[in-house]
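Since the model is a prediction, treat every value here as computed from it, not as a measurement.
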Amino acid sequence: MEEYLGISFTNRSLSLTRVHESEEHPKLISTHEILYPFPFEFNALFNEENFNLLVEKLTQYVQNNNLQGMLCNVSLPMYLAQIKRAPLPYDADSRVLQKHLVWEMENIGTRPLEDTKVVKLDHEFRFGSYEESVFALTPKSTIQKIKELIEKSGLKIRRLLLDCDTILKLLNKFNFLNPAKNQLVFQIDVFSVTLFHYMDGAFYSYDLFTFAEKEKEKNFEQKVIRLLEEQVEKFTNLVNMLPGYEYPLDVYVSRLITESLKRKMKDLDFQVHEIRMDKLLGEKLPVTIESYAVML
């Protein structure tokens, strides 16, 4: 059977998942974690020094496991991209829509449009007389760096997907998404919490909340609980104002979930579901959602 490698970027490591194809879902062969050989910073992951260290570490893994030339899927972390929702009147002339859309993209104000890869996600949200389309904007330099990382390490890139898309595939695959409900997915990392919003069975928006190292050491779990409560309330208020999307809410959490955090979550008024890859796959191998889901 054909084997593939799934690669994702967490806040502390490159997460690697080796699978082979099967009828039900990709079968796990092995997993591996390459800890970043440098202090992690969101904006410095691919600077020249860090990039060369990543190439060295990934090349070492590839050579030690005889994986030269293997095809891999890469999950692009959302902190390296940007999500833009553009409200557009759905009964307007196509030329008007195109002009308005270009204006929306050009006025984000982060980088020139010609230096950005713009991808329209395949779902619109209709609110009264207008609809919102969701776009992902990624610097072309970031995409190029990821391609270089893969190729210089002796691998071949098969697909490059956004985290929001890979997680959506996993939620659908294991029947977490319900079009009659809305979903929030919290991913708890070492110094941050990532939040994905899903409405009507589709990705709607994304937020990233970071903590300084001193905050991580002091009442981190309580900060996570407070953030979770605030964001659930905020999203509930939002959907209650959107005609046609006032569905019940499911809340999911994944990644660094401690027993103490589980106990605190049980005390909340809403139910929180933990996404456990080992339980979903029936495997004891440690695997991140993205590095597996990117293979679906």
Task: Derivation and outcome, side chain to side chain contact (heavy atoms under 4.5 Å, CB included), residues Phe196 and Asp207 - done: CA-CA 7 Å; Phe196 296 91; Asp207 284 301; over 6 Å; no
Task: Value rounded to 0.5 Å, distance of CG in Leu67 from NZ in Lys156 - done: 13.5 Å
Task: Thr10 side chain reached by Asp189 side chain, heavy atoms, under 4.5 Å - done: yes
- [ ] With the side chain counted from C-beta on, respond yes when Met199 and Phe235 share a heavy-atom pair under 4.5 Å apart, and no when they do not.
- [x] yes
- [ ] Using the six-membered ring wherever Trp is involved, compare the ring planes of Tyr292 and Phe174 and label them parallel, tilted or perpendicular (cut-offs 30° and 60°).
- [x] tilted
TODO: Identify the heavy atoms of Phe51 and Lys145 that sit nearest to each other, and give their distance.
DONE: CE1-O, 3.3 Å
Open item on the list: I'd like to know if Glu3 and Arg18 make a salt bridge, using a cut-off of under 4.0 Å between side-chain N and carboxylate O.
Closed with: yes
Open item on the list: Quick check for you: to the nearest 0.5 Å, what is the distance between Leu54 atom CG and Tyr36 atom OH?
Closed with: 7.0 Å
Open item on the list: Between Thr288 and Ser8, do the side chains contain a donor N or O and an acceptor N or O under 3.5 Å apart?
Closed with: yes
- [ ] Output all residues satisfying salt bridge (Lys or Arg N to Asp or Glu O under 4.0 Å) with Arg159, sequence neighbours left out; order by chain, then residue number.
- [x] none
TODO: Assess whether atom CG of Asn43 is packed by more than 12 heavy atoms of other residues, nucleotides or ligands within 6.0 Å.
DONE: no
Task: pair Thr210-Leu208: side-chain heavy atoms closer than 4.5 Å - done: yes
Open item on the list: How long is the straight-line distance from CD1 of Ile34 back to OG of Ser13, given to the nearest 0.5 Å?
Closed with: 8.5 Å
Task: Ring centres under 6.0 angstrom apart (Tyr245, Tyr204) - done: no
- [ ] Find out whether Met78 and Leu162 are in side-chain contact, i.e. whether some heavy atom of one side chain is under 4.5 Å from a heavy atom of the other.
- [x] yes
Open item on the list: Does Lys27 have more than 12 heavy atoms from other residues, nucleotides or ligands lying within 6.0 Å of its NZ?
Closed with: no
Open item on the list: Let me confirm one number: the CD1-CG distance from Ile157 to Leu5, rounded to the nearest 0.5 Å.
Closed with: 11.0 Å
TODO: For the pair Thr142 and Leu76, evaluate side chain to side chain contact (heavy atoms under 4.5 Å, CB included) and give the outcome as yes or no after the intermediate values.
DONE: CA-CA 9 Å; Thr142 297; Leu76 177 71; 4.1 Å; yes
Open item on the list: I want to check something: taking the side chain as every heavy atom from C-beta on, are Leu228 and Val253 in contact at a cut-off of under 4.5 Å?
Closed with: yes
- [ ] Using a 4.5 Å cut-off on heavy atoms from C-beta on, say whether the side chain of Val232 contacts that of Val251.
- [x] yes
Task: Distance (rounded to the nearest 0.5 Å) between Met277 CE and Ser254 OG - done: 9.5 Å
- [ ] Taking the side chain as every heavy atom from C-beta outward, state whether Val134 and Arg85 have any atom pair closer than 4.5 Å.
- [x] yes
- [ ] Apply side chain to side chain contact (heavy atoms under 4.5 Å, CB included) to the pair Asp165 and Lys169, showing each step before the final yes or no.
- [x] CA-CA 6 Å; Asp165 190 34; Lys169 288 183 178 183; 4.0 Å; yes
TODO: Run through Phe46, Tyr79, Phe40 and flag the one making a ring pair (Phe, Tyr, Trp, His ring centres under 6.0 Å) with Phe9.
DONE: Phe46
Task: Full working for side chain to side chain contact (heavy atoms under 4.5 Å, CB included) between Ile29 and Val19 - done: CA-CA 5 Å; Ile29 298 174; Val19 304; 5.6 Å; no
Open item on the list: Do the side chains of Arg12 and Glu33 get close enough for a salt bridge, i.e. N-O under 4.0 angstrom?
Closed with: yes
- [ ] Supply the atom-to-atom distance Met295 CE to Thr17 OG1, rounded to the nearest 0.5 angstrom.
- [x] 8.5 Å
Open item on the list: So that I know where these two stand, are His32 and Tyr61 an aromatic pair - ring centroids less than 6.0 Å apart?
Closed with: yes
Task: Carboxylate-amine/guanidinium contact Asp250 Lys181, below 4.0 Å - done: yes
Open item on the list: Measuring only between side-chain heavy atoms, which start at C-beta, is Thr194 closer than 4.5 Å to Phe186?
Closed with: no
Task: Closest contact, heavy atoms only, Pro248 versus Ala180 - done: CD-O, 3.5 Å
TODO: Would you name the heavy atoms of Ala44 and Asn50 that are closest together and state the gap between them?
DONE: O-ND2, 2.6 Å
Task: Test of ring centre spacing under 6.0 Å for His20 and Tyr4 - done: no
- [ ] Taking all heavy atoms of Ile7 and all of Ile150, pick out the closest pair and write down the distance.
- [x] CD1-CD1, 3.7 Å
Open item on the list: Heavy-atom count check: over 12 atoms from other residues, nucleotides or ligands less than 6.0 Å from Lys117 NZ?
Closed with: no
Open item on the list: If hydrophobic clusters are built from ILVMFWY residues whose side chains come within less than 4.5 Å, do Leu35 and Val62 share one?
Closed with: no
Open item on the list: Quick check: closest heavy atoms across Tyr206 and Ile83, and the distance to 0.1 Å?
Closed with: CB-CG1, 4.4 Å
Open item on the list: Which heavy atom of Gln231 sits nearest to which heavy atom of Leu184, and what is that distance?
Closed with: O-CD1, 4.0 Å
Task: Sidechain-backbone polar pair: Asn73 side chain, Gly6 backbone, donor-acceptor under 3.5 Å - done: no
TODO: Could you please spell out the steps behind the ring-ring contact (aromatic ring centres under 6.0 Å, His included) verdict for Phe176 and Tyr252?
DONE: CA-CA 9 Å; Phe176 289 115; Tyr252 297 98; 5.1 Å; yes
